Amino acid sequence: MRKKEMMAMLLAGGQGSRLGILTRNVAKPAVTFGGKYRIIDFPLSNCINSGVDTVGVLTQYQPLRLNQHIGIGIPWDLDKRNGGVTILAPHVKGGGDSGEWFMGTANAIFQNIEYIDSNNPEYVLVLSGDHIYKMDYSKMLEFHKANNCAATIAVMEVPFEEASRFGIMNTEENDKIYEFEEKPANPKSNLASMGIYIFTWSRLREALIEDSKVHPDSDFGMHIIPKMLDEGQTMYAYRFKDYWKDVGTIESYWQANMELIKTLPEFNLYEDFWKIYTNSDHQPPQYTAKGAKLSTSIASEGSEVYGEVYNSVLGPGVIVEKGAVVRDSIIMENSVIGAGSYIERCIIDENCTVGENVKMGIGENIENESKPKIYNTGITVVGDNTTIPSNVEIGKNCVLYGNTVESDYPENRLLSGKSIIKEGASL
């Protein structure tokens, strides 16, 4: 069998619970980002731009939309006979009568050893499917080979006061790792793991098999990396100094989208030499009607603006009707903002309908102690396929899901700091 130098294993099965209602029906890597993209587009595009043409995508939680989006990998030029993209879900093993969920990051790779072996790689690149960044993995591989590593771990410098939130790499002067600490109370270093690893496959394969006998929930940070370090295997930290964002919370997701619409964004979606590819159906051009206003915003293909849009991100097929005003908000694919409505600092998921003369995201930022902390951000969030009736007012920190009707709202039609969760739904 012809040996492949490096292949990628992309971990895309996470529930993303800190994104709340946005991941109720969809895995975090499949959440829309920047209008027409989905979060997983970024690591997939990094792979093909880096010359990595064999990618296994490990799915688990709510995989349908993610699988439909990836398909056979055509948008990323990953529809190849020798390699390409392969969806890897938990499955029944030969001779068994039951399947087994992926129990940890390393366990997910362990369960797919046969798939990796079938591609006969020298090196395996392990990625998370839920971060926003551009990275040339080929340069990281050169670093890995130059240092004759068993493992190379991508790291970023973080403020020391935040280091206790991360897995921290303690290194010698040449960045050789001598110790890994998971969320240390008193960090010795500020080199935070990005969850991007290159392993020499023979070394990782052996470690996965040995560790599986002890830890059925085997995890890279908790088990595999400390094990390999204890054995004296060579590990180096690879410093990354460009834009990288974990959009794992409502606030960080909103903030990262808002950063895209700056005049000179730190993270640039428009560079020809490092394109971000996505699976987008053919859409008509974006349309702005006479008298409409569109300022400092991203409006995706097929969107129609008849009202006013400021500092916002509109997905494909979004309609902002006449007299409606959208400010500092994210409106996802195929949602409609009714005539005369006012939307401020909101995230509205796919296929939603906001009635006429609705006011949303208004008033004081009243926190609700009965709701999870993730929602107390001043941002109002509307889950996918939700209908909001006309002539209601909705404050900040509200969470709406389902086909709400006027009787769901207080008599004064003002909803403030409270959730509407329809029967059968849960956070």
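On a predicted model such as this, the values are computed, not experimentally measured, just so you know. Residue numbers run from 1 in the order of the sequence given.
- Here the two rings, on Y137 and Y238, have centers that are 6.0 Å apart or farther.
- Between the side chains of D211 and H215, a donor-acceptor pair is found at a separation under 3.5 Å.
- Among all heavy-atom pairs drawn from L127 and A8, the shortest one is CD1-CB, 4.4 Å.
- Using a cut-off of 4.0 Å between Lys/Arg side-chain N and Asp/Glu carboxylate O, K134 and D242 are scored as not salt-bridged.
- If you look at H144 and Y236, their ring centroids are not closer than 6.0 Å.
- In this structure, the side chain of N257 engages the main chain of G34 through a donor-acceptor pair within 3.5 Å.
- For the residue pair S252 and K245, no side-chain donor N or O sits within less than 3.5 Å of a side-chain acceptor on the partner.
- Side chains of W201 and N120: no donor on one and acceptor on the other come within 3.5 Å.
- One distance of note links CE of M228 with CD of Q233; it measures 4.0 Å at 0.5 Å rounding.
- Considering only heavy atoms from C-beta on, K188 stays 4.5 Å or farther from I168 through its side chain.
- Using a distance-only test at 3.5 Å, with no hydrogens or angles considered, no donor-acceptor pair links the side chain of S297 to the main chain of I261.
- Under the 3.5 Å distance criterion, the side-chain polar atoms of S164 are left unmatched by any main-chain donor or acceptor of A185.
- Across every non-hydrogen atom of L10 and S128, the tightest pair is CD2-C, 4.1 Å.
- Between E231 and K227 a salt bridge is recorded (basic side-chain N to carboxylate O distance below 4.0 Å).
- I250 has its side chain within reach of L22: a pair of non-hydrogen atoms, C-beta onward, lies under 4.5 Å apart.
- A donor and an acceptor atom, one from each side chain of Y253 and E251, are nowhere located under 3.5 Å apart.
- Scanning all heavy atoms of the two residues, the minimum distance from I39 to K28 falls at CD1-O, 3.4 Å.
- In this structure, a donor-acceptor pair under 3.5 Å is absent between the side chains of D136 and N49.
- Under 3.5 Å, the side chains of D246 and Y133 contain no donor-acceptor pair of N or O atoms.
- Side-chain atoms of S300 come within 3.5 Å of backbone N or O of L314 as a donor-acceptor pair.
- Annotation for F267 and L260: closest pair O-CD2, 3.7 Å, computed over non-hydrogen atoms.
- Judged by distance alone, the side chains of N351 and E333 never bring a donor and an acceptor atom under 3.5 Å apart.
- Side-chain contact between Y243 and I132 is present, with at least one heavy-atom pair separated by less than 4.5 Å.
- Judged purely by distance below 3.5 Å, without hydrogens or angles, the side chains of W274 and N46 pair a donor atom with an acceptor atom.
- Remark: the backbone N or O of G395 is paired with a side-chain donor or acceptor of T380 at under 3.5 angstrom.
- The local environment of CE in M222 is sparse, with at most 12 non-hydrogen atoms from other residues, nucleotides or ligands closer than 6.0 Å.
- When all heavy atoms of A163 and P184 are compared, the closest pair comes out as O-CD, 4.3 Å.
- Between L11 and V126, the closest side-chain pair of non-hydrogen atoms falls below 4.5 Å.
- To the nearest 0.5 Å, atom CG of residue L58 and atom CG of residue N107 are 10.5 Å apart.
- Side-chain atoms of S341 come within 3.5 Å of backbone atoms of V358 as a donor-acceptor pair (strictly under, hydrogens ignored).
- The shortest side-chain heavy-atom distance between M9 and L125 does not fall under the 4.5 Å cut-off.
- When the shell of 6.0 Å around CD of E172 is examined, it contains more than 12 heavy atoms from other residues, nucleotides or ligands.
- Looking only at atom types and distance, the side chain of D41 has a donor-acceptor partner in the side chain of T278 under 3.5 Å away.
- The existence of a salt bridge linking E162 and R165 is confirmed by a sub-4.0 Å separation between a basic side-chain nitrogen and an acidic carboxylate oxygen.
- With contacts defined as side-chain heavy-atom distances shorter than 4.5 Å, the pair R345/R327 does not qualify.
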Criterion salt bridge (charged side-chain N to carboxylate O under 4.0 Å, His left out) on E122 and K145, from CA distance to verdict: CA-CA 11 Å; E122 184 82 20; K145 291 191 292 186; over 6 Å; no

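- Counting heavy atoms from C-beta on, the side chains of I348 and M332 never come closer than 4.5 Å.
- The distance between the ring centers of F42 and F33 falls below 6.0 angstrom.
- To the nearest 0.5 Å, the span separating CE on M140 from CD on E142 amounts to 12.5 Å.
- At a cut-off of 3.5 Å, with distance as the only test, no side-chain donor of E350 or S335 sits close to an acceptor on the other residue.
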Using side chain to side chain donor-acceptor pair (under 3.5 Å), reason through E210 and S212 one step at a time and then give a plain yes or no. CA-CA 6 Å; E210 289 182 3; S212 69; over 6 Å; no

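- Judged purely by atom type and a 3.5 angstrom limit, S312 uses its side chain to pair as donor or acceptor with the backbone of S329.
- At distances below 3.5 Å, at least one donor-acceptor pair connects side-chain atoms of S193 with backbone N or O atoms of G195.
- Counting heavy atoms from C-beta on, the side chains of I153 and F180 never come closer than 4.5 Å.
- In this structure, Y197 has its ring center under 6.0 Å from that of F220.
- V155 and A237 make their closest contact through CG2-CB, 3.9 Å (heavy atoms, listed as atom of the first residue, atom of the second, distance).
- Salt bridge status for K4 with D53: present, with a side-chain N to carboxylate O gap under 4.0 Å.
- In this structure, the side chain of N174 engages the main chain of K176 through a donor-acceptor pair within 3.5 Å.
- Judged by distance alone, with hydrogens and angles left aside, the side-chain atoms of T105 form no donor-acceptor pair with the main-chain N or O of D219 at under 3.5 Å.
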